[in-house]
Amino acid sequence: MLGMKRFQRKKEDFICEHCGEGVKGIGYTDHCPRCLWSKHVDINPGDREADCQGMMEPMRAVVIREGYVIHYKCDKCGYLHKVKAAENDNFEEIVRLSRS
Ligand SMILES: [Zn+2]
Ligand SMILES: [Zn+2]
């Protein structure tokens, strides 16, 4: 039921397991603003219900009207996911992904 999905906000700080950056949770941070890697922890955005815990690799970035969408693939299970880029994300990295 797509319409039933609700975004759950949770504030949490975490250490990026890819580059070691300390990330301040602002409520909907689900990826590292420096290297853009994420972690497979959600089934629905923000629910932290996935038990995979694999690293999500940023594959590419796509330009949309309001910014960028980053496409991810889970290293461990191959799960595909996309998320809107945040304002404080590493822009050079996003541009690099959008070109590849
Ligand atoms: Zn990182
Ligand atoms: Zn996974």
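Order of appearance sets the numbers: ligands from 1, and atoms from 1 within every ligand. Start at 1 with the first residue, then count along the sequence. Heavy-atom basis, side chains included; hydrogens, waters and symmetry copies ignored.
- Looking only at N/O/S atoms, His40 comes nearest to the Zn ion (ligand 2) through ND1.
- Counting non-hydrogen atoms of neighbouring residues, nucleotides and ligands closer than 6.0 angstrom, the NZ atom of Lys76 exceeds 12 such neighbours.
- The backbone N or O of Glu93 lies less than 3.5 Å from a partner atom in the side chain of Asn90, making a donor-acceptor pair.
- The Zn ion (ligand 2) forms the vertex of an angle spanning SG of Cys77 and SG of Cys74; to the nearest 10 degrees it equals 110°.
- Around the Zn ion (ligand 1), the protein atoms of type N, O or S found under 2.8 Å away are Cys16 SG, Cys19 SG, Cys32 SG, Cys35 SG, listed by chain and number.
- In this structure, Asp89 contributes its side chain and Phe91 its backbone to no donor-acceptor pair below 3.5 Å.
- Both Val83 and Met56 sit in one connected hydrophobic cluster of ILVMFWY residues. Membership requires side-chain heavy atoms under 4.5 Å apart, directly or through other members.
- Between Tyr72 and His31, the ring planes lie tilted relative to each other; the angle falls in the 30° to 60° range.
- Not one N or O on the side chain of Glu21 forms a donor-acceptor pair closer than 3.5 Å with the backbone of His18.
- At distances below 3.5 Å, not a single donor-acceptor pair connects side-chain atoms of Asp75 with backbone N or O atoms of Gly54.
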